[in-house]
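Atom set for the values below is all heavy atoms of this structure, side chains included, hydrogens, waters and symmetry mates excluded. The sequence lines fix the lettering, A, B, ..., with proteins before strands; numbering per chain opens at 1.
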There are 2 protein chains.
Amino acid sequence: MRIGELSKATGASIRSLRYYEKKGLLTASRLESGYRVYNPLAVEQVRTIRLYLSLGLNTEQIASFLHCVMKSKEAFCEEVLPVFEKKLSEIDGQIRLLSEIRSNLIDRIASIREEKKEEKAQ
Amino acid sequence: MRIGELSKATGASIRSLRYYEKKGLLTASRLESGYRVYNPLAVEQVRTIRLYLSLGLNTEQIASFLHCVMKSKEAFCEEVLPVFEKKLSEIDGQIRLLSEIRSNLIDRIASIREEKKEEKAQ
DNA sequence: ATAAACCCTGACATCCGTGTGAGGGTCAAA
DNA sequence: TTTGACCCTCACACGGATGTCAGGGTTTAT
């Protein structure tokens, strides 16, 4: 299949498919014209790439284990666990930070509402 | 005071102080040489700017109410509440998304650990 | 043969506060 | 006066996946 078909089949833009190739996540053979030609399995592969991207992994991390998870189950790929654990701890950190900011904002909003109430009361 | 002193007094880099000025958050008069000269109140102003930056507001949002909060209390500035509320809802959205990803990762990590246990058991 | 649809590479833009470096002027103490 | 510390503006880089445009070649159906 050509790049336009793969794009439609996966929802990834043509731009993105070329980018995944550049990052070593996807390969294609070429026609004499230079057109990329994809194996039908590429559809599943692109879906897998996008799944991991949606988990916040970057292309380098995905590249480190993609060849394995395409052949075997995720659980059988040595590389996967440390990447997931690293990502999880990053996310925990982000959630902690956002939660602090959230509390701070909530306090400030509450104070402002209080002031407004008192203003009216006068 | 000059920019280097203000930088030391506030912890903001000289680069950042110039940037705040460009964004309309900070003003300075100039010596004939072109050197910036700051009012002593600038120290408090820069601290205020950095406080709001740390809450995730951008320079444009801060600019929209900074002149007011430097004169009056936060609660008396009309502009503040809607900005805080907008930011809060963004943060809630971010936390929700991160929490989904977090659950997904935790599930996957647990599955992998399960597999490993079974592997050993054999 | 011609038009429409498809594909190619390369490169700039995005977000946005901050780091950094070039190239050059100013101030203060020795 | 010289030296070192300080200041100025301008401009590129970052992060990282994606959008988009330019300029040009290919395929396919009519």
Side-chain angles (χ1 to χ4, degrees), chain A residues 1-38 42 45-64 66 83 86-87 90-91 93-94 97-98 101, chain B residues 1-38 42 45-64 66 83 86-87 90-91 93-94 97-98 101:
Chain A
M1 65 196 320
R2 297 196 309 201
I3 199 168
E5 299 172 74
L6 182 58
S7 171
K8 272 168 197 146
T10 60
S13 70
I14 290 176
R15 175 73 175 84
S16 294
L17 296 175
R18 295 196 186 116
Y19 180 72
Y20 301 156
E21 178 175 324
K22 190 166 196 179
K23 291 299 179 181
L25 295 176
L26 194 55
T27 53
S29 50
R30 300 286 184 132
L31 295 180
E32 283 191 8
S33 59
Y35 283 21
R36 288 170 179 81
V37 176
Y38 296 95
Q45 183 151 344
V46 171
R47 291 202 179 118
T48 303
I49 292 168
R50 293 173 77 72
L51 168 69
Y52 291 126
L53 282 175
S54 77
L55 291 181
L57 303 185
N58 63 32
T59 52
E60 189 185 345
Q61 292 171 319
I62 297 172
S64 75
L66 184 63
V83 173
K86 176 165 179 284
K87 189 69 205 176
E90 286 171 15
I91 287 180
Q94 290 167 358
L97 178 59
L98 287 173
I101 294 175
Chain B
M1 64 197 321
R2 297 196 308 200
I3 200 168
E5 299 172 75
L6 183 57
S7 172
K8 271 168 197 147
T10 60
S13 70
I14 290 176
R15 175 73 174 87
S16 294
L17 296 175
R18 295 196 186 116
Y19 181 73
Y20 302 156
E21 177 175 324
K22 190 168 197 178
K23 291 299 178 179
L25 295 176
L26 194 56
T27 54
S29 50
R30 301 285 185 132
L31 296 179
E32 283 191 9
S33 61
Y35 284 19
R36 287 169 179 82
V37 176
Y38 296 95
Q45 183 150 343
V46 171
R47 292 202 177 117
T48 303
I49 292 168
R50 293 173 77 73
L51 167 70
Y52 291 126
L53 282 175
S54 77
L55 291 180
L57 303 185
N58 63 32
T59 53
E60 189 186 345
Q61 291 170 320
I62 297 172
S64 76
L66 184 64
V83 173
K86 177 165 177 285
K87 190 69 204 176
E90 287 172 13
I91 287 180
Q94 290 166 0
L97 179 57
L98 287 173
I101 294 175

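Ionic pairing of Glu21(B) and Arg18(B) is not present here: no N-O contact between side-chain nitrogen and carboxylate oxygen is shorter than 4.0 angstrom. A salt bridge is defined here as a Lys NZ or Arg NE, NH1 or NH2 lying under 4.0 Å from an Asp or Glu carboxylate O, and Glu90(A) with Lys87(A) meets this definition.
Checking the phosphate oxygens (OP1, OP2) of dT20(C), no side-chain nitrogen or oxygen of Arg15(B) falls inside 4.0 Å. At the phosphate of dC8(D), OP1 or OP2 sits under 4.0 Å from a side-chain N or O atom of Arg36(B). Regarding contacts with the backbone of dA17(D), a side-chain N or O of Thr59(A) is found under 4.0 angstrom from either OP1 or OP2.
Residues Ile3(B) and Leu57(A) each lie close to DNA chain D; by heavy-atom proximity, the contact nearer the 5' end of the strand is made by Ile3(B).
Shown for residues 27-35 of chain A: residues whose heavy atoms fall under 4.0 angstrom of DNA chain C, namely Arg30(A), Gly34(A), Tyr35(A).
Distance CD (Glu5(A)) to C1' (dC6(C)): 11 Å, rounded to an integer number of Å. Rounded to whole Å, atom P of dC8(C) lies 11 Å from atom CG of Leu6(A). Rounded to whole Å, the distance from CD1 on Ile14(B) to C1' on dA5(D) is 11 Å. Rounded to an integer number of Å, the gap from CG of Leu17(B) to C1' of dC6(D) is 14 Å. Distance, Lys23(A) NZ to dA17(D) P: 7 Å, rounded to whole Å. Nucleotide dA17(D) holds its P atom 3 Å from the OH atom of Tyr19(A), rounded to whole Å. Summarising the geometry, the separation between CD1 on Ile49(A) and C1' on dG16(D) is reported as 15 Å, rounded to the nearest angstrom. Look at OH on Tyr20(A): it is 9 Å from P on dA17(D), rounded to the nearest Å.
Ile62(B) pairs in a side chain to side chain contact (heavy atoms under 4.5 Å, CB included) with only one of the listed residues (Val83(B), Leu53(B), Leu55(B)), which is Leu53(B).
With sequence neighbours left out, Tyr52(A) forms a ring pair (Phe, Tyr, Trp, His ring centres under 6.0 Å) with Phe65(A).
If you check every strand for non-hydrogen atoms under 4.0 Å, Arg18(B) touches a base.
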